[in-house]
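These notes are about the structure you will find just below.
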Amino acid sequence: MGNTSGKRESDNLYTAEELRFLETAYRNASGGALEKLTSDRLVEAWSQTIERSLAEGTAQFLFMPTKPGQHCINIPLRKFGEPYYIMERGSIEMKMQMMLASLQRGANDSYNSKQLEQYIHSVIKSYVHLESTLKGSTIKEWQDLGFLTTERSVCSFAKGLMRNLSKDLEHTLHNEALERWLHVTPQFLQLWREVFVQLYTRHGGSKRQIIKDVEISILPQLCDAPHSSHYRPIIELPHVLYINAQLPREMRHKWRFLFSSKVHGESFSTMIGKMIDKGPTLFFIEDEDQYIFGGYAPESWSLKPQFGGDDSSLLYTLSPAMRCFTSTGYNEHYQYLNLNQHTMPNGLGMGGQFGFWGLWLDCMFGEGQSVESCTTYCDYVQLSKRKQFKIRNMEVWAVGDLPVKEDDEGGDGQKRSVLDSNLEDRAMLEIAGKQMHSDGLREPGMDD
C-alpha cells in the first residue's frame, strides 16, 4: 500500500493532531521518507526511548506477514500507527493479539508465562525511563529523595502483576488465560498505554508529550518530603507504583510524608503524634530479616479501644515478593490504636484479633507480630519472616489530601478546645501514663 492510500485510511482513525505527530514520528524513524520504514530502522529509532527488547517485539508485531510466505520489507503510516491506536482505542482482544505477536516464541511456536514476565519487565523499565526524561514529571522528586529502580524490584513488580495469572511461571500460556489476565490487571494496562502514548508523541514532536488520564494517577505526587541527611527510603519506585494502584482511586494522586524512624527516632509516641488525624495512611516496615511489608489504613488514626477502618483496608508484602491482601469481610478488625490500658493491648494493630495479629506494632517501639493466619484479609500469608519480628526501619505516609479541619469546630459542629491541638505531645503523655490536667478546664459544652 502506498503512502496516499495509507494516509487516506488513517484519516478515519485519528484526529488531525494525532495524524500530525504520527507522520512526524514515521519520518523520524524512517530517515525522512514516508514509505520506506524498515524493521531495523524502527528498532534503532525506538531503542533510544524504550527498552530495546520492547522495541524489537513491537517491530515483530508490525512487520509480521499477513500471508504465508510473505516477507514484509517496509510498512505504511497506517500500519505504523497501529500500536498507538490499539493502546488508545483498541479492545482487550486487540491488545492481546498485539502482545502475543510481540512475544518471543518458544521452540514449538508456543508461549509461556516466563516470556510474558519478560515483556512486562520491559514495559515497566520503559515507563520509568520515559518518566525520568519527561519534563515536569513527578518521578524526579522521588528519585532525588533516593527512591531507586533496581533490577530486583522491577522483577518483583512484574511477578506481582502476574500473580492473578498463575503460580507456575513456566507453564504454557493460553490465549484465554492471557485475555482474562488483561481484564483483571488494569495497572499493567495503564503502564502499557502510557509507554506507547509517550513513545509516539515524543517521536512525533507533539507539544503535549504525554496524554494523561486525569482520573488515574500512576505515580503519586510527593509532598512534605523529609529534609534530612539521615533519610533513606525503605522502598523503591516499583514498590510505590505497585502499592499506589491498590489504593482507592481518590487517594492515588498524592503521598504525604509523615514519619521515618531514621529521621524522627524510634519512638512510638512520636510516630502516632505525627499520624493522628492526618487521613488514610500507609505503613512500610523493614524487619531484621530485611523483609519489607506494611498496611493501608483507610481511616484517620485516633486513640480508642475499638477497631476502626473499612473494607478498603489492605495488608501487603513488598520484599522478597509483592503481594496485596484485601478484605474478606469476615470481620471488621481493620485498624486498632490504643495506649495506657491495663486490660487492652497497647499498640497498633491491623487484622486478626488481640494476640493474633495480621500486623501488630507494640507501643514499646521496635517489636511486632505477624501471625501465620488472618481471617480479616483474603489469601493472607505471614508478612514477616518470623512471627515475632524486630523493626529495623519504618516509615509512615499519608495518602490523598490532608483532611479539612475547622479552626474552632469539628466535623460534627461541636466546638473544639485549644487543648485538642499538640497531638504529638498528648500522645507522649498518654504513653507515659500521665494525664493532661488541663483537660478538666475545658469550657462547658465542649465535646459533650
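Computed from a predicted model, the values in this text were never measured in an experiment. Note that the numbering runs from 1 along the sequence shown for the chain.
Judged by distance alone, the side chain of Ser260 and the main-chain N or O of Lys262 form a donor-acceptor pair under 3.5 Å. Between the side chain of Gln335 and the backbone N or O of Trp301 there is no donor-acceptor pair closer than 3.5 Å. Between the side chain of Thr328 and the backbone N or O of Thr376, at least one donor-acceptor pair lies under 3.5 Å. Panel note: side chain Ser313, backbone Asp310; no donor-acceptor pair is recorded below 3.5 Å. With hydrogens and angles disregarded, no donor-acceptor distance shorter than 3.5 Å links the side chain of Tyr200 to the backbone of Tyr85. Judged by distance alone, with hydrogens and angles left aside, the side-chain atoms of Ser102 form no donor-acceptor pair with the main-chain N or O of Phe61 at under 3.5 Å. Judged purely by atom type and a 3.5 angstrom limit, His239 uses its side chain to pair as donor or acceptor with the backbone of Glu236. Under the 3.5 Å distance criterion, the side-chain polar atoms of Ser206 are left unmatched by any main-chain donor or acceptor of Arg202. Here the side chain of Asp362 pairs no donor or acceptor atom with the backbone of Glu367 at under 3.5 angstrom. With Lys278 contributing its side chain and Leu402 its backbone, the two residues share no donor-acceptor pair below 3.5 Å.
Relative ring orientation between Trp46 and Phe80 is described as tilted, the plane-to-plane angle lying within the 30° to 60° band. Ring planes of Trp357 and Phe354: tilted class, angle from 30 to 60°. Between Phe147 and Trp142, the ring-plane angle classifies as perpendicular under the 30° and 60° cut-offs. Ring planes of His333 and Phe307: parallel class, angle under 30° (limits at 30 and 60°). Tyr84 and Tyr14 have tilted rings, their planes meeting at an angle from 30° to 60° on a 0 to 90° scale.
Other residues, nucleotides and ligands contribute at most 12 non-hydrogen atoms within 6.0 Å of the CZ atom of Arg386. Residue His230 qualifies as open at atom NE2: its count of foreign heavy atoms under 6.0 Å is 12 or below.
Between Gln198 and Glu131, the side chains place a donor N or O and an acceptor N or O closer than 3.5 Å (distance only, hydrogens not considered). For the 3.5 Å distance criterion, the side chains of Arg249 and Ser217 fail to qualify, holding no donor opposite an acceptor. No hydrogens or angles considered: nothing links the side chains of Tyr380 and Glu372 as a donor-acceptor pair under 3.5 Å.
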**Asked** Yes or no on side-chain contact (heavy atoms from CB on, under 4.5 Å) for Lys159 and Glu117, after CA distance, side-chain angles and deciding distance?
**Response** CA-CA 7 Å; Lys159 285 184 171 67; Glu117 181 187 344; 2.8 Å; yes
**Message:** Does Lys385 form a salt bridge (Lys or Arg N to Asp or Glu O under 4.0 Å) with Asp287? I'd like the steps, not just the answer.
**Reply:** CA-CA 8 Å; Lys385 185 174 182 179; Asp287 69 12; over 6 Å; no
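One finds a salt bridge joining Arg89 and Glu18 here, because a Lys/Arg side-chain nitrogen approaches an Asp/Glu carboxylate oxygen to under 4.0 Å.
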